[in-house]
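Inspection log for the structure reproduced underneath, given as structure tokens.
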2 protein chains.
Amino acid sequence: MTSTEPSSDEAANASIDAQTSGIQGALDLVGDRWSMLILRASFRGVRRFSAIQTDLGIAKNLLADRLARLVDADILARVPYQDRPVRHEYVLTEKGRDLSAVLIALMHWGDRWCHHGSAPTVLVHDECGEPIEHSVRCPACATDLSPGQIQSRPGRRAGRERTKP
Amino acid sequence: MTSTEPSSDEAANASIDAQTSGIQGALDLVGDRWSMLILRASFRGVRRFSAIQTDLGIAKNLLADRLARLVDADILARVPYQDRPVRHEYVLTEKGRDLSAVLIALMHWGDRWCHHGSAPTVLVHDECGEPIEHSVRCPACATDLSPGQIQSRPGRRAGRERTKP
DNA sequence: GTCAGTAAGTTGCAATTTGAAACCCACTCC
DNA sequence: GGAGTGGGTTTCAAATTGCAACTTACTGAC
């Protein structure tokens, strides 16, 4: 059996809070199943209330609630798509589009580990059709990094803490 | 005002379902706030029931529930860390470790857009201290890709659909 | 003018989940 | 025996989700 000791960096948790607030903030805004699925629909061009509702099979009250939250959070913008009568669709903002990495990572993981017998998807470069590569690199060392080789640090260079994601 | 038409790929949704099942499967397993935060704690070496509970401030019943689910899903494994009495900690499996990309992406996004006045973190290579680069590349073309340049395709090469994440 | 249809919600209520906190069990060690 | 630790389980109120009926604001056809 393995005997491992708990991490002993707990004295330095004051600035780990700075890191935590990033992911906490993200999860506060998008850390629920429906929000993620709505965002995924947006990336796929499904932007109207009825279309999203049909696509996801979500209750209308929940959809209205989530859309309002995502608009409040400036992740989606409510944009008119016609005049008579005026009708709106929900369009990703830049902030919302930046969530693509999260969705891609989720999809990758899901396809690898949750494919339930259906064919996994492959993400490809649209121009050449070859599978894409996801990487995390150190440009200074010109090497790819594994998750264990990443630390995070406050942006102000106030100190160093060793953490994993 | 912009007038955009809904995507017209809806006839091909039969194999978009294959893609959806990946992200649905992922969200079924980890698409809730507490599961994500527990996984984050695991990556940081916080693995014992009490330590996780204290770290996250989560209700014990929810923690027990989530841990059981994550163990059932083979994302965490329950590993003894001592004999007398026998005590267990929750350790990431390979499947669980593969979720690091999701957590890194969430952290990046949160740090960029949700920093609420606290100092954003920078993710760095632990050996040299330089900021890491996250990229999505096409190895065949040797170019970086933006989210709009990615398609997904069923793994069996049954057909092509243009989708975003 | 009336009516049907569409889009985008709102409302009411039951079911489910979350959250707080008390409680419990199984040890170990003094 | 008793205190302390670790890891839960149970109870119950509050919050959220989910279902489905209902509403509002049009437009266009007759």
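None of the values given here were measured: they were computed from a predicted structure. Per chain, numbering begins at 1; letters A, B, ... match sequence-line order.
With sequence neighbours left out, the side-chain contact (heavy atoms from CB on, under 4.5 Å) criterion links Ala59(A) to Asn61(A), Leu62(A). Contacts of Thr143(A) classified as side-chain contact (heavy atoms from CB on, under 4.5 Å), with partners at least two apart in sequence or in another chain: Cys138(A), Cys141(A), Leu145(A), His125(B). Ala64(B) is linked by a side-chain contact (heavy atoms from CB on, under 4.5 Å) to Phe49(B), counting only residues two or more places apart in sequence or in another chain. Every residue was checked against the salt bridge (Lys or Arg N to Asp or Glu O under 4.0 Å) condition with Arg87(A), not counting sequence neighbours, and none meets it. In terms of the side-chain contact (heavy atoms from CB on, under 4.5 Å) criterion, Ala68(A) has no residue partners (sequence neighbours excluded). With sequence neighbours left out, the salt bridge (Lys or Arg N to Asp or Glu O under 4.0 Å) criterion links Asp65(B) to Arg69(B). Residues passing the salt bridge (Lys or Arg N to Asp or Glu O under 4.0 Å) test with Arg78(A), sequence neighbours excluded: none.
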Scoring nucleotides 14-30 of chain D by protein non-hydrogen atoms under 4.0 Å (B base, S sugar-phosphate only, - none) yields ---SBB------SSS--
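For DNA chain C, the span of nucleotides reached by chain B at under 4.0 Å from its heavy atoms goes, 5' to 3', from dT18(C) to dC29(C).
Side-chain N/O atoms of Arg48(A) and Gln53(A) include no donor and acceptor closer than 3.5 Å.
Side-chain contact between Ser100(A) and Phe43(A) is present, with at least one heavy-atom pair separated by less than 4.5 Å.
Here the shortest heavy-atom pairing between Ile58(A) and Ile52(A) reads CG2-O, 4.4 Å.
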Given the rule that a pair is Watson-Crick or G-U wobble with both distances under 3.5 Å, how would you write DNA chain D in dot-bracket, using | for pairs to a different strand? ||||||||||||||||||||||||||||||
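Neither OP1 nor OP2 of dG7(D) sits under 4.0 Å from any side-chain N or O of Tyr90(B).
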